[in-house]
Amino acid sequence: MRYPHSDIERKWQKYWEENQIYKTDFSNLNKKLYCLVMFIYPSGAKLHIGHWYNYGPTDSWARYKRLKGFNVFEPMGYDAFGLPAENYAIKTGVHPYDSTMQNIEDIREQLKHIGCMYDWNAELLTCEPEYYKWNQWLFLQLYKKGLAYRKNAPVNWCPSCQTVLANEQVKSDGTCERCGTIVIQKQLTQWFFKITDYAEELLAGLEEINWPEKTKLMQRNWIGKSIGAEVDFQIAGREEKIKIFTTRPDTLFGATYMVLSPEHPLVEKIVTDEFKPAVQQYKESIQSLSEIDRTSTVKEKTGVSTGAFAINPVTGKEIPIWIADYVLMTYGTGAIMAVPGQDERDWEFAEKFNLPIIRTVNPPEDFSGKAYLGDGPAINSDFLNGLFVDDAKKKITEWLEEKGIGKSTINYKLRDWLISRQRFWGTPIPIIHCSNCGEVPVEEKNLPVELPYDVEFKTTGQSPLVTNPDFMNTMCPKCGHDAKRDPDTMDTFVDSSWYYFRFLNPKIEDKIYDKERADNWVPVDMYVGGAEHATMHLLYARFIHKFLRDIGLTKSDEPFINLVHQGTITNLGAKMSKSKENVVNPDTFTSQYGSDVFRLYLMFMGPYELGGDWSDKGIAGTDRFVQRSYELFNKHKDAIKKSVSKKIYELNELNESEKIIYRKVNQTIKKFDEELNHFRFNTAIASLMELLNELSKNLDSCSKEIQSYSLERYAVLLSPIAPHLGEECWALIGKEKSIFEEPVWFEVDPAALVKDNTLVVVQINGKVRAKIELPVDTPEADVKKTVYEDRKVKVHIDGKRIVKEIYVPNKIYNIVVK
RNA sequence: GCCGAAGUGGCGGAAUUGGUAGACGCGCUGGACUCAAAAUCCAGUGAGGCUCACACCUCGUGCCGGUUCGAGUCCGGCCUUCGGUACCA
């Protein structure tokens with residue numbers, strides 16, 4: 001009988017829902033486990049295979065933990081704000097609220113078909129005022145502490161559409177995706193969260209969390225801590241100084257010119273009349289370049305002189321001040337001292353513009369390159385001469401500090417988090433702009449500042465909120481005068497930086513979340529989501545978590561103790577995504593094979609962290625596995641009612657088939673347990689397939705007792721990875737209760753794992769020449785005797801001299817001959 | 001460009017600390033069952049050589065080089081593909 005997937009799925013999903021099997025008891029803290037998968041962006045493309053790949057296997061892991069006795073909390077919600085819904089509105093006229101809500105309705109149904117053990121009581125939507133109110137509250141807390149502030153920052157601006165574009169909306173050739181006009185960078189006053197205040201702690205905290213090393217490394221590099229010095233360079237003939245940051249203060253004697261970022265505020269002041277047109281022209285020429293273009297080391301260096309000079313503080317010499325696009329305003333002080341002798345970019349620049357090059361570190365004899373970045377004794381450096389880099393750094397820094405023109409500094413690549421968006425579909429920023437009082441925060445009691453429904457989505461360059469006067473016009477909370485609301489909304493990463501707290505009690509009205517429950521359930525024990533979030537979402541969430549701790553709202557230092565990244569499922573080589581139209585619909589496969597087969601196939605495809613290109617070749621294999629398993633249980637209906645098994649059997653009381661089965665069952669439990677625990681679903685499933693092959697061969701020649709013993713265990717192992725099938729098989733052999741209602745896990749009998757014999761591989765000069773079966777732990781002398789008696793060994797060592805022998809117990813006997 | 005990964009049969013992939021390369025599955029080939037097909041079951045399946053056959057030999061984990069008795073695994077240098085690069089989330 002074929003496995004009737006749709007009947008069985010319906011039956012168990014109904015049972016789980018009606019009996020509230022997955023409603024979490026938050027008061028039971030014994031073995032609590034918070035398993036969180038990154039919540040879903042509800043796009044019009046609905047669920048695609050990538051979502052299934054994220055949610056199905058993670059749920060299997062959570063179910064496995066539940067069977068092992070953990071009190072698992074597994075929620076699901078919707079990251080409902082965001083750009084695509086707004087773009088859709090501009091294109092079709094359908095309001096973002098309406099399209100998002102419709103998408104959520106559809107997605108919720110699709111999610112339920114996967115059969116995950118989500119606690120639907122904990123569902124949350126970030127676009128509801130009851131949620132985003134607390135984004136605003138969080139903003140105000142940050143504002144109070146001086147961690148939310150405004151400054152100028154560049155945005156992508158399309159001069160033709162008169163609108164701000166997301167990076168995604170700018171094509172790789174630098175043009176607008178809508179109209180093809182060249183996009184420029186325009187300065188705008190915007191809100192920032194001061195994540196840089198936490199840079200050091202964000203770095204240190206990485207030591208405490210069990211995350212993939214590569215993710216931690218990416219965060220470390222993103223934070224980009226570097227130790228160096230700030231040095232003031234006097235501008236010749238002017239009051240002002242130029243402050244630079246350098247990681248190589250030891251090379252100061254080699255600083256032969258300076259470079260300011262073209263956006264540097266001093267540029268306008270110092271540029272001489274003669275150079276003004278050139279500077280202006282240069283600034284315009286780089287307006288359309290992205291930072292990636294500007295800092296590319298393969299692109300030819302460009303720049304112009306300002307005509308002004310600065311004084312090198314150690315040599316007293318005048319050095320020219322240039323501007324160039326490879327110096328960014330966002331890093332360090334936006335100005336550098338150029339040391340071509342020890343910096344490749346500076347060398348290239350100096351060569352091109354005929355600027356002097358002085359080596360201040362003596363390269364080794366055989367060095368033939370241009371700039372020399374390595375260690376060596378200082379030269380051409382007066383009082384530093386002869387010192388190696390580290391010592392020279394120390395000495396010059398002391399000298400600078402003594403003279404009051406510089407100091408040792410730590411600099412980070414990390415920038416403050418720009419949260420303003422000139423868009424509608426997001427959380428309104430709770431600030432009121434008053435002509436008397438300036439920026440005034442909305443009072444907490446007046447939250448939420450609700451997002452109005454009626455706005456114009458025409459592209460005007462301002463947030464669409466500007467088009468709704470009822471929203472915009474308000475009164476200043478301080479002085480009572482007419483005032484305007486801030487028209488911008490927040491980056492959606494704000495929503496996702498604290499949602500794991502809110503899941504614990506999404507309906508709570510008077511607080512951001514229930515602190516006591518949070519202290520019991522946060523940090524999240526297992527967090528699963530894509531590696532593409534390594535540096536942004538995962539860093540922002542850590543930052544906000546630490547901030548919440550600092551205002552007394554959580555005890556923990558980190559939000560996510562364990563982190564796993566599922567790989568990306570691509571289609572024809574490209575990432576499946578809402579923005580591209582290459583989404584594969586899982587329904588095709590779930591309707592044909594059922595949800596469990598599809599889930600199994602996704603897990604069996606390969607290592608979870610790797611993902612891969614989608615192909616449905618091979619799904620027949622997991623389907624066969626399900627059919628054969630179901631067949632097996634049908635053949636042994638009510639097995640446990642007919643014969644009750646013991647917990648442990650003595651191997652020598654079993655017949656040959658029973659011995660094979662008993663061993664294989666126990667080996668499989670051990671292997672499966674280890675593999676599943678580490679998210680190695682593919683090998684976990686492979687081990688079950690091996691077990692099934694063995695059961696098909698030998699179960700019939702086992703006693704009823706051993707049959708019960710094996711089938712009980714096999715059903716338990718099936719349950720986390722194929723939950724509907726597992727439940728059904730569990731019931732088929734005669735179990736009365738749902739396995740997830742009364743979780744069961746069988747312990748391994750260690751005696752069954754002990755091997756009698758082992759295969760010793762004989763190598764001669766590293767090549768396998770013979771394989772000899774021997775009892776485990778045979779003494780080396782006896783092994784040697786057997787090895788030398790082997791016919792093939794004799795052939796290969798005949799007439800040769802034995803140089804060396806290596807014996808790895810129970811594994812390898814290697815003979816080296818000449 | 002910079003930061004981070006990955007590369008193994010026809011295909012997806014497996015392989016404790018360096019110790020039998022190819023588990024498990026797909027596909028393919030042959031056989032059984034069938035009037036026939038599908039489904040199912042059984043056997044075989046890295047490439048090449050040699051042999052009636054059993055056996056045996058050589059090569060083989062992106063490319064080049066190194067360390068080692070022994071390298072898919074470690075080291076150095078490349079190539080290709082993918083993720084991120086601060087307004088997609």
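Per chain, numbering begins at 1; letters A, B, ... match sequence-line order. Remember, it's a predicted structure, so these values are computed and weren't measured experimentally. Values below: every heavy atom of this structure, side chains too, minus hydrogens, waters and symmetry copies.
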Taking the [atom1] atom in each of [N] and [M], what is the distance between them to the nearest angstrom?
N       : M       : atom1 : result
rG65(B) : rG49(B) : P     : 26 Å
rU20(B) : rU34(B) : P     : 46 Å
rA47(B) : rC82(B) : P     : 30 Å
rA55(B) : rC69(B) : P     : 33 Å
rA14(B) : rC33(B) : P     : 39 Å
rA53(B) : rU40(B) : P     : 34 Å
rU68(B) : rC74(B) : C1'   : 10 Å
rU29(B) : rG9(B)  : C1'   : 16 Å

Provide, to the nearest angstrom, the distance between the [atom1] atom belonging to [X] and the [atom2] atom belonging to [N].
X       : N       : atom1 : atom2 : result
Q566(A) : rC82(B) : CD    : P     : 19 Å
F672(A) : rC24(B) : CZ    : C1'   : 14 Å
D616(A) : rG27(B) : CG    : C1'   : 13 Å
Q190(A) : rC87(B) : CD    : P     : 9 Å
Y412(A) : rC3(B)  : OH    : P     : 20 Å
R415(A) : rC3(B)  : CZ    : C1'   : 14 Å
E674(A) : rA14(B) : CD    : P     : 16 Å
K664(A) : rA23(B) : NZ    : C1'   : 10 Å

Atom pairs, protein N/O to nucleotides 58-60 of chain B N/O, distance under 3.5 Å:
{"unit_1": "rU58(B)", "atom_1": "OP1", "unit_2": "R769(A)", "atom_2": "NH2", "d": "3.4"}
{"unit_1": "rU58(B)", "atom_1": "OP2", "unit_2": "R769(A)", "atom_2": "NH1", "d": "3.3"}
{"unit_1": "rC59(B)", "atom_1": "OP2", "unit_2": "K767(A)", "atom_2": "NZ", "d": "3.3"}

Pairwise salt bridge (Lys or Arg N to Asp or Glu O under 4.0 Å) hits with a residue in residues 800-812 of chain A, at least two apart: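 Found K784(A)-E805(A).
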Salt bridge (Lys or Arg N to Asp or Glu O under 4.0 Å): pairs with one or both residues in residues 411-427 of chain A, sequence neighbours excluded: E291(A)-R415(A), R421(A)-D491(A)
Residues in side chain to side chain contact (heavy atoms under 4.5 Å, CB included) contact with R2(A), at least two apart in sequence or another chain: D623(A), Q627(A)
Does [X] have any salt bridge (charged side-chain N to carboxylate O under 4.0 Å, His left out) partners at least two apart in sequence or in another chain, and if so, which?
X       : value
K186(A) : none
D325(A) : K299(A)
K194(A) : none

Syn or anti for rG12(B) (syn when the glycosidic angle lies within 90° of 0):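 Anti, which is what one calls it when the glycosidic angle falls more than 90° from 0.
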Closest-nucleotide ordering on RNA chain B, the 5'-leading residue of P154(A) and H796(A):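 Between the two, 5'-proximity favours H796(A).
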Nucleotides 4-13 of chain B: protein proximity per nucleotide (B base, S sugar-phosphate only, - neither; heavy atom, under 4.0 Å): SS------BS
Reading 5' to 3' through nucleotides 69-76 of chain B, protein heavy-atom contacts under 4.0 Å coded B for base, S for sugar-phosphate only, - for none: BS------
So, does [X] get its side chain near the phosphate of [N], meaning an N or O under 4.0 Å from OP1 or OP2?
X       : N       : answer
N693(A) : rC24(B) : no
H537(A) : rA86(B) : no
R421(A) : rC87(B) : yes

Pairs flagged by side-chain hydrogen bond (donor to acceptor under 3.5 Å, both in side chains) wherever residues 684-693 of chain A is involved - sequence neighbours left out: R628(A)-N693(A), K664(A)-E690(A)
Touch class at under 4.0 angstrom, heavy-atom based, for L414(A) against every strand present: base
Base-pair map of RNA chain B as dot-bracket, where | denotes pairing with a different strand and pairs are Watson-Crick or G-U under 3.5 Å: (((((((..(((......[....)))((((((.......))))))((((......))))..(((((..]....))))))))))))....
Can you give me the N/O atom pairs linking the protein to nucleotides 40-51 of chain B at distances under 3.5 Å, or say none if there are none?
{"unit_1": "rU40(B)", "atom_1": "OP1", "unit_2": "R624(A)", "atom_2": "NE", "d": "3.4"}

Out of rC88(B), rG1(B), rC57(B), whichever nucleotide has its closest atom nearest the side chain of K792(A):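 That would be rC57(B).
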Selection from rC26(B), rC57(B), rU85(B) that lies nearest to any side-chain heavy atom of M536(A):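 Taking heavy atoms from C-beta onward, the closest nucleotide is rU85(B).
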